[in-house]
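Heads up: the structure comes next, in structure tokens.
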Amino acid sequence: MCTECGCSSTDHSHHHEHESRTIRVEEDLLAKNNRLAAGNRQLFTSSHLLVLNLVSSPGSGKTSLLERTLADLKRRFNFSVLEGDQQTTNDADRIAATGVPVKQLNTGAGCHLDAHMVGHGVESFDLAETDILMIENVGNLVCPAAFDLGEDHKVTVLSVTEGEDKPLKYPQMFQASDLMLINKIDLLPYLNFDLEQCKAFARQINPRIEIMELSCQTGAGMQQWYDWLMAGVARKNPGLRGAGRE
Amino acid sequence: MTFGHDPLHELSLTQNIVDLAIEYAAREKAVKVLSITLEIGALSGVVAEAVEFAFDVCSQGTLAEGANLEIRHINGRGRCLDCQTETEIETLTHLCPHCGSLALETVQGQEMKFTEMEID
């Protein structure tokens with residue numbers, strides 16, 4: 001092989017008609033998204049912001065969980081919310097009703113939020129005055145797993161009306177998440193959902209995942225989630241402390 | 001705010017592949033991209049067939065149109081957090097064959113990489 005151009009020609013006069021050559025690229029396919037996510041993360045960190053990327057199947061109760069969380073904690077912390085959906089502003093309207101700044105991101109045919117959308121999505125927020133940014137991703141347990149948005153943690157919400165084997169069926173998402181919230185536990189008496197099995201499956205995929213059981217309808221288990229949020233805020237913004245602005 | 005995004009994450013990724021190919025080809029003053037080599041890990045969550053399908057669409061009318069797409073499959077490897085044994089895994093749900101532990105950490109197989117290309 002010719003070492004000069006990498007072609008397979010044995011004729012070393014470099015005058016062949018097509019000078020095909022091989023070049024090294026060595027780039028991650030997510031490099032562009034990762035670069036933008038790193039930019040977002042830098043901006044969020046300099047604003048002392050705790051940023052969560054909430055992911056789940058459609059209908060797990062992400063928006064209801066957010067509504068309850070905002071209602072209970074909005075006097076203590078300043079929130080901003082990005083709502084990702086393919087269509088409609090329904091979720092943003094629900095969040096807006098709580099009085100918290102919200103921006104709806106419609107992905108159209110898209111199946112996930114990416115770092116570019118989030119970077120522009122937060123432009124309308126006063127980040128210096130925000131303590132916690134909640135990003136509610138498109139309801140989809142597949143595609144959002146691969147796209148870093150610049151968040152501190154991915155939080156997967158799984159409701160007990162789904163199968164307990166969801167962590168096995170969608171392992172990428174559970175592997176990428178730091179926390180799993182098992183929602184709608186008030187419905188457990190009416191279902192055949194095996195809670196312990198579900199937790200074992202999640203830990204099989206991700207031995208480090210934290211797991212909390214709660215119901216945003218009855219409020220059961222919510223305090224543990226709030227304590228986790230407060231600890232997160234305290235890490236990102238030591239001046240504010242977990243107790244917040246109250 | 002509406003974004004022109006796509007129904008499968010493979011389509012986003014494939015658009016990135018074509019963008020990278022065009023960027024590198026322009027830098028090298030190439031007139032055509034002959035082939036593109038990718039490395040896709042077994043645990044990356046990327047379906048190679050979906051990338052191949054999307055590539056024809058994304059590359060249309062660009063220097064990369066008609067390029068040969070070579071996808072190298074990278075096997076998955078996991079390390080047991082309990083006994084440290086390394087083992088080949090094809091899914092994220094393997095048990096450690098040595099001690100039966102569920103706690104396997106992925107050490108290889110999550111790659112999605114554009115490694116090289118042949119240009120004219």
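Each chain gets a letter, A, B and so on, in the order the sequences are listed, and its residues count up from 1. Hydrogens, waters and symmetry mates are skipped; everything else that's a heavy atom, side chains included, is used.
- A salt bridge links B/Lys113 with A/Glu26: at least one charged nitrogen is closer than 4.0 Å to a carboxylate oxygen.
- Using a 4.5 Å heavy-atom cutoff, the side chains of A/Ile23 and B/Met117 are in contact.
- A/Tyr170 OH: 12 or fewer foreign heavy atoms inside a 6.0 Å radius.
- Side chain of B/Asn16 to main chain of A/Leu29: a donor-acceptor pair is present (N/O by atom type, distance under 3.5 Å, no hydrogens or angles).
- Using a 4.5 Å cut-off between heavy atoms, A/Pro207 contacts chain B through its side chain alone, with no backbone atom that close.
- Within a 6.0 Å radius of CZ in A/Arg94, other residues, nucleotides and ligands contribute more than 12 heavy atoms.
- Contact annotation for B/Glu111: neither backbone nor side-chain heavy atoms come within less than 4.5 Å of a heavy atom of chain A.
- At a 4.5 Å heavy-atom cutoff, the contact between B/Ser44 and chain A is made by backbone atoms alone.
- Heavy-atom distances place both the backbone and the side chain of A/Gln172 under 4.5 Å from chain B.
- Distance check: B/Leu38 CG to A/Glu27 CD gives 12.5 Å after rounding to the nearest 0.5 Å.
- Applying a 4.5 Å heavy-atom cutoff, the residues of residues 19-28 of chain B that approach chain A are B/Leu20, B/Tyr24, B/Glu28.
- By the neighbour-count criterion of 12 heavy atoms within 6.0 Å, atom NZ of A/Lys199 is densely surrounded, having more than that number from other residues, nucleotides or ligands.
- For B/Leu95, the part lying under 4.5 angstrom from a heavy atom of chain A is the side chain only.
- Listed by first and then second residue, the ring-ring contact (aromatic ring centres under 6.0 Å, His included) pairs involving residues 127-155 of chain A are A/His112-A/Phe147, A/His153-A/Trp228 (not counting sequence neighbours).
- Taken from CG in A/Asn206 to CG in B/Leu104, the straight-line distance is 12.0 Å, to the nearest 0.5 Å.
- Surrounding CD of A/Gln42 are at most 12 heavy atoms belonging to other residues, nucleotides or ligands under 6.0 Å away.
- By number of non-hydrogen pairs under 4.5 angstrom with chain A, the leading residue of B/Ala30, B/Ser35, B/Gly45 is B/Gly45.
- More than 12 non-hydrogen atoms from other residues, nucleotides or ligands lie less than 6.0 angstrom from CZ of A/Arg24.
- Between A/Asn140 and B/His9, every side-chain heavy-atom pair lies at or beyond the 4.5 Å cut-off.
- Side-chain contact, A/Gln175 with B/Gln110: a donor N or O sits under 3.5 Å from an acceptor N or O.
- The structure places NE2 of A/His116 at 12.5 Å from OG of B/Ser12, a figure rounded to the nearest 0.5 Å.
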